[in-house]
Amino acid sequence: MRYYLPYAIPSHIFQLLSAGLLIYIIVKRPNPTGYFLPLFFYATTYCLADMFSTVTAFFHIHNIKAAYIYYPLEYIFISWLYLTIYPMRHKRYIIMSIPVGLLVFALGFFFKGTSGHNFIGMSVLHTMLLIIAGRFFVWHTAKGQTELKYDPLFYVTLGIMLDCGITAISYILFDTFDFRLPFYFNSISDCVTSAFVFTGIFFLYKSEMAVLKILQEAEQESSPT
């Protein structure tokens, strides 16, 4: 897929910490916040795909075909994430964009560049995810109802926008520049994206644990002495 090995270790540390916190949340809180499930699928799939990419790159195994499985899944999970958050009037765009993005990705196999890979399809998927996340970012920050520096969705969305924005461009460049150059861009963005997503999940963890504490205290007060 896409990674320059020196940046893989910090990325994997953040990704494993994110997956660990999400697993801990679901163990302690069987009914977490509504967007937990798509965030869990996105973060864990992201972690597994990155680790697979690093292992195959280390052994010089050609792994681009794995991206053809991962990126449609990522597209579905992130779209699902924002479907659970957006108000009803904004959901129509995402609902319409899901089949359109997947169809364009499928058609991209018939319009491969000189490299012979479906970089156009992957770039289109990430461009559409950038638009979805960007629309949410504008709407969410304009509400002014939460303090953004403690808001999980603020950091997760920043990470998604960064990742999708850079990769949407770099996949177009694969057939234009030296083959290694887009890998450097993607590797750096992957490391920073993993840090942003972890930060968001960390604040989600703190929020869910605070709710759990309140519920436990309320249960103790209501139980007969």
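The basis for the numbers below is simple: all heavy atoms, side chains too, and nothing from hydrogens, waters or symmetry mates. Values in this document were obtained by computation on a predicted structure and should not be read as measured data.
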Q: Show your working on side chain to side chain contact (heavy atoms under 4.5 Å, CB included) between Phe137 and Phe154 and close with a plain yes or no.
A: CA-CA 7 Å; Phe137 187 81; Phe154 173 72; 3.5 Å; yes
(Q) Quick check for you: to the nearest 0.5 Å, what is the distance between Ile13 atom CD1 and Cys191 atom SG? (A) 9.0 Å
(Q) For the CG atom of Leu153 and the OG1 atom of Thr141, what is their distance to the nearest 0.5 Å? (A) 12.0 Å
Q | Which atom of Leu162 lies closest to which atom of Ser189, heavy atoms considered | A | CD2-O, 4.1 Å
(Q) side chain to side chain contact (heavy atoms under 4.5 Å, CB included) for Phe136 and Ile132? Distances and angles first, verdict last. (A) CA-CA 6 Å; Phe136 171 79; Ile132 291 172; 5.9 Å; no
Q. Can you tell if the side chain of Cys164 reaches within under 4.5 Å of the side chain of Thr127, non-hydrogen atoms only?
A. no
**Q.** Leu39 CG to Leu81 CG distance, which is reported to the nearest 0.5 Å
**A.** 6.0 Å
Q. Can a donor-acceptor pair be found between the side chains of Tyr46 and Asp190 at a distance below 3.5 Å?
A. yes
Q. What side-chain hydrogen bond (donor to acceptor under 3.5 Å, both in side chains) pairs are there with at least one residue in residues 202-214, not counting sequence neighbours?
A. Arg29-Glu208
Q. Can you name the one residue among Ile76, Leu129, Leu125 that meets side-chain contact (heavy atoms from CB on, under 4.5 Å) with Tyr71?
A. Leu125
Q.
Do Leu204 and Tyr35 make a side-chain contact, defined as non-hydrogen atoms from C-beta onward lying under 4.5 Å apart?
A. yes
Q. Do the two ring centres, one from Tyr70 and one from Phe52, sit under 6.0 Å apart?
A. no
Q. Under a single-linkage rule joining Ile, Leu, Val, Met, Phe, Trp and Tyr whose side-chain heavy atoms are separated by less than 4.5 Å, which residues share a cluster with Val211?
A. Leu215
Q.
Would you call the rings of Trp80 and Phe77 parallel, tilted or perpendicular, taking 30° and 60° as the class edges?
A. tilted
Q: Report yes if the side chains of Leu21 and Phe198 come closer than 4.5 Å at any heavy-atom pair, otherwise no.
A: yes
Q: State plainly whether one hydrophobic cluster holds both Phe40 and Tyr24, where clusters connect Ile, Leu, Val, Met, Phe, Trp and Tyr through side-chain heavy atoms under 4.5 angstrom apart.
A: yes
Q) Does Thr167 use its side chain to pair, donor to acceptor, with the backbone of Asp163 at less than 3.5 Å? A) yes
Q.
Within the 4.5 Å heavy-atom criterion, are Ile78 and Ile160 side-chain neighbours or not?
A. yes
Q) Listed by chain and number, what are the side-chain hydrogen bond (donor to acceptor under 3.5 Å, both in side chains) partners of Tyr82, not counting sequence neighbours? A) Thr157
N/O donor-acceptor pairs under 3.5 Å from side chains in residues 94-104, not counting sequence neighbours:
unit_1 : atom_1 : unit_2 : atom_2 : d
Ser97  : OG     : Tyr93  : O      : 3.3
Ser97  : OG     : Ile94  : O      : 2.9

Q. Where the side chain of Thr45 meets the backbone of Tyr42, is there a donor-acceptor pair that is under 3.5 Å apart?
A. no
Q. Taking a hydrophobic cluster as the set of Ile, Leu, Val, Met, Phe, Trp and Tyr residues connected by side-chain heavy atoms closer than 4.5 Å, whether directly or through intermediates, do Val138 and Tyr86 fall within one such cluster?
A. no
Q.
Tell me every residue that passes side-chain hydrogen bond (donor to acceptor under 3.5 Å, both in side chains) with Ser194, counting only those two or more places apart in sequence or in another chain.
A. Gln15
Q. Heavy atoms, side chains only, cut-off 4.5 Å: are His126 and Ile169 in contact?
A. no
Q: Look up atom CD1 in Ile188 and atom CD1 in Ile166, then write down how far apart they are to the nearest 0.5 Å.
A: 8.0 Å
**Q.** No-hydrogen, no-angle side-chain donor-acceptor test under 3.5 Å, Tyr155 and Tyr150
**A.** no
**Q.** Rounded distance [0.5 Å steps], CG in Asp50 versus OG in Ser11
**A.** 6.5 Å
Q: Give the cluster check for Trp139 versus Leu83: same hydrophobic cluster or not, with ILVMFWY residues linked at side-chain heavy-atom distances below 4.5 Å.
A: yes
(Q) Could you check whether any side-chain N or O of Ser123 sits under 3.5 Å from a backbone N or O of Ile120, counting only pairs where one atom can act as donor and the other as acceptor? (A) no
Q) Quick one: are Phe105 and Tyr75 in side-chain contact, heavy atoms under 4.5 Å? A) no
**Q.** Closest non-hydrogen atom pair between Met161 and Ala133, with its separation
**A.** CG-CB, 3.6 Å
Q) Going by atom types only, do Asp151 and His140 share a side-chain donor-acceptor pair under 3.5 Å? A) yes
**Q.** Separation of Phe41 CZ from Phe36 CZ (nearest 0.5 Å)
**A.** 10.0 Å
Q) Quick one: are His117 and Tyr68 in side-chain contact, heavy atoms under 4.5 Å? A) yes
**Q.** Close side-chain approach of Val156 to Phe196, heavy-atom, < 4.5 Å
**A.** no
Q) Hey, is the main chain of Ala106 close enough, under 3.5 Å, to the side chain of Asn118 for a donor-acceptor pair? A) no
Q) If you link I, L, V, M, F, W and Y whenever their side-chain heavy atoms are under 4.5 Å apart, who else ends up in the same group as Leu16? A) Met51
